[in-house]
Amino acid sequence: MKRISISVGLLLSVLGVSGAEQSVHETGGYVIEGSIAGKYEGKVYLMREESLKGKQIAIDSTDVKDGKFRFEGGPVAVSLIHFIRSTDGQLAPFFLENGTIRMAIDSGNFLWARVSGTPNNNLRDLYTLESNFVRDSVTRATVADWSIYGRKDENYENEQFKRRSALIGRRWLDIQRDLVKRYPGQAFAPFLIMFEMVSDVSLDELKSLRAGLAPELSGHPYTLALDDYIANQSFGVGAQAYDFTLPTIDGKEISLKDYAGKYVFLDFWASWCGPCRREVPFVKELHRKFGGKQLEVIGISVDRDGKKWRDAVRELGMKWTQCCDLEEWNSIVARRYNVQAVPRTVLIDSQGKVAAIDLRGKQLIEEVEKILKK
C-alpha cells in the first residue's frame, strides 16, 4: 500500500498538480506560465483567431524576463486554440482554458512547444507523445532492418517506405479514434476529428464519431465546423435539403418548411457580384413562368452591408422573396448549402430533396421546366 501511495504521489508531482492550480481553476480564470529556452529578448504576444483559420489578433502582451513570461486572465467560456507569438512571428499553439497552463518553448521553434496543466492541453500533449512514439518506433525498426539485412534495390526500398508510411498512418488513426472515444466531452475531441481525421476516414465513420461527442459540445466552434464539413460532404443531388429560418427584406421571417410540398428554387447571390447581376433576367423569367404556382423562388444574399443589399434588390427589380442574415460567408445557410462562391442555385423538389444544383442562364428555364413536368 505504501508503494502505491508513493507512486501516486510521484505521478501527481510529475504532472504538476498543486493546490494553487486547483484554486485558479475554481475561480474560473487562467494563468499561462511560460519558459523559453535559448536566447530571446523582447515581448511575447497572446493571439486569438477572429474565426477558424481566420486573421490572428493580439489580445495581450508581456515582457520575457530571464526566459520566463506570464499571462493572467478572467474566465474562459469556450476552450479554443490560441497562440503565443514571438517577436519574429513564430507561433506556439495551445488551448486557452481555465486553470494553470504551462508552456516550455524553444526560442528557435515555437511550433513544437510542450504545453500541459489543463485538460485539453494535457490531451494535446498526450496525442503528440503517442504519435511521436509511433513514428520513432517505425524509424528504429527501419534502422534495425538495414543493420541486419542491409539496404536492397531502389524499388524494394520504395515499397518498404510506402508500407511503413501506411503503417504509421493506421497507427496514428487508431490513436485518434481512441482519444475521441475516451474524451467525448473535451474540446480536443471535435478539434482532433476536424483537423486531423476528416481526410482519413469514411463519411459514415465521420458521422459516427460526431454522434459520439457529448451534447454540451454541440455549439462548440469545432463541432460546428465539423457539422459544416459533414453537411458539405453529404450535399448533392438527392440529399435532404437543410431546413432554415431567415429574415426577409420586409422584416419578416421565413423557413424552408413553410413551403413543404412545393418546389423551391434557392438563388444565392450578392449585391457586389457582377455574374449574379447578369443572372437576374433569367431568374426573373423563372419567377414569371413558375413563381407562386408550381415553384417558390427565394433569393438568399451573402451580403454584409444591409443598405447595399436592399438597394440592389430595388435597383434590379427582384420581386421574389429576398432574405439575408448579413453574416456573409459565415451564414449557416450558405455553409449548409456548400456555397463557396456566388452565383449559386439549388432546386429543391416537393419531397424536400435537392433536385438540381447550379442551373444558370437559358439552361435554368429549360431544366426546371423538365423537372416540373416529371
Side-chain angles (χ1 to χ4, degrees), residues 194 198 201-211 218 223-248 252-270 273 275-276 279-280 282-302 318-325 327 329-374:
M194 184 62 212
V198 290
V201 300
S202 68
L203 184 58
D204 285 343
E205 182 174 359
L206 207 55
K207 290 178 179 179
S208 176
L209 291 168
R210 165 61 183 94
S218 293
T223 307
L224 294 176
L226 178 59
D227 288 342
D228 285 347
Y229 182 89
I230 291 172
N232 291 343
Q233 294 300 305
S234 304
F235 185 77
V237 173
Q240 186 67 39
Y242 168 74
D243 190 22
F244 59 82
T245 299
L246 282 173
T248 65
K252 299 177 182 178
E253 281 193 342
I254 63 161
S255 297
L256 182 61
K257 63 185 177 184
D258 296 337
Y259 306 99
K262 293 186 68 173
Y263 277 79
V264 179
F265 181 78
L266 303 181
D267 175 33
F268 291 92
W269 70 288
C273 169
C276 299
E279 286 295 312
V280 170
F282 300 104
V283 182
K284 279 184 178 179
E285 178 65 10
L286 180 74
H287 184 249
R288 185 189 67 78
K289 288 191 73 171
F290 307 111
K293 304 165 191 173
Q294 298 165 281
L295 178 76
E296 189 71 32
V297 180
I298 301 175
I300 302 176
S301 170
V302 293
M318 304 167 82
K319 301 297 185 181
W320 49 96
T321 301
Q322 293 293 329
C323 303
C324 184
D325 58 11
E327 291 292 330
W329 303 109
N330 289 324
S331 168
I332 185 65
V333 182
R335 299 203 310 265
R336 287 293 187 269
Y337 281 92
N338 201 19
V339 179
Q340 305 293 324
V342 287
R344 166 82 156 172
T345 65
V346 179
L347 179 64
I348 301 167
D349 69 18
S350 58
Q351 304 303 310
K353 305 270 190 178
V354 176
I357 298 171
D358 284 337
L359 297 177
R360 298 178 192 167
K362 293 180 180 179
Q363 181 197 27
L364 168 60
I365 310 299
E366 295 169 358
E367 291 300 317
V368 169
E369 191 165 20
K370 287 179 186 176
I371 292 170
L372 290 176
K373 285 181 178 179
K374 289 180 180 178

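FYI, side chains are in, hydrogens and waters are out, and symmetry mates aren't considered; it's all heavy atoms of this structure.
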- Task: State, yes or no, whether a side-chain contact exists between Val302 and Ser331 at a heavy-atom distance under 4.5 Å.
- Result: no

Between Val297 and Val283, the two heavy atoms sitting closest are CG1-CG1, 4.0 Å

Which atom pairs, one a donor and one an acceptor, fall under 3.5 Å between side chains of residues 258-270 and the rest of the protein, sequence neighbours left out?
| residue | atom | partner | partner atom | Å |
| --- | --- | --- | --- | --- |
| Asp258 | OD2 | Ser255 | N | 2.8 |
| Lys262 | NZ | Glu296 | OE1 | 3.4 |
| Trp269 | NE1 | Gln322 | OE1 | 3.2 |

The reported gap from CG in Leu364 to CG in Leu286 (rounded to nearest 0.5 angstrom) is 5.0 Å

side-chain contact (heavy atoms from CB on, under 4.5 Å) filter on Arg288, not counting sequence neighbours, yields Glu285

Requested in this report: Taking the side chain as every heavy atom from C-beta outward, state whether Arg335 and Trp329 have any atom pair closer than 4.5 Å.
Outcome: no

Separation between CD1 (Ile254) and CD1 (Ile298), nearest 0.5 Å, reads 4.0 Å

One should read off an interatomic distance between Phe244 CZ and Asp325 CG, to the nearest 0.5 angstrom, of 10.5 Å

Sequence neighbours excluded, the answer for side-chain contact (heavy atoms from CB on, under 4.5 Å) partners of Ile230 is Leu203, Leu206, Lys207, Arg210, Leu226, Ser234

When rounded to the nearest 0.5 Å, the distance separating CZ of Arg360 from SG of Cys276 is 8.0 Å

Return yes if some donor-acceptor pair links the side-chain N/O of Thr223 with the main-chain N/O of Ser218 below 3.5 Å, else return no.
no

Heavy-atom closest pair (Asp358 atom, Pro343 atom, distance to 0.1 Å) is OD1-O, 4.3 Å

Heavy-atom closest pair (Asp243 atom, Lys257 atom, distance to 0.1 Å) is OD1-N, 3.1 Å

Distance col, row Thr321:OG1 vs Leu246:CG, nearest 0.5 angstrom, shows 11.5 Å

Task: Aromatic plane relationship, Tyr337 with Phe235 - under 30° parallel, 30 to 60° tilted, over 60° perpendicular - done: perpendicular

Q: May I have the step-by-step check of side chain to side chain contact (heavy atoms under 4.5 Å, CB included) for Val339 and Val346, ending in yes or no?
A: CA-CA 10 Å; Val339 179; Val346 179; over 6 Å; no

| field | Side chain to side chain, Phe290 and Glu369, heavy atoms closer than 4.5 Å | value | yes

In terms of heavy-atom contacts, Tyr242 and Ile332 come closest through OH-CG1, 3.6 Å

task: Could you tell me whether the side chain of Asn338 reaches within less than 4.5 Å of the side chain of Gln233, counting heavy atoms only?
output: no

Minimal heavy-atom distance between Leu256 and Ala241, with the atoms involved, is CD2-CB, 4.0 Å

Between Gln351 and Asp349, the two heavy atoms sitting closest are N-OD1, 2.8 Å

In this structure, CZ of Arg344 is separated from CD of Glu279 (nearest 0.5 Å) by 13.5 Å

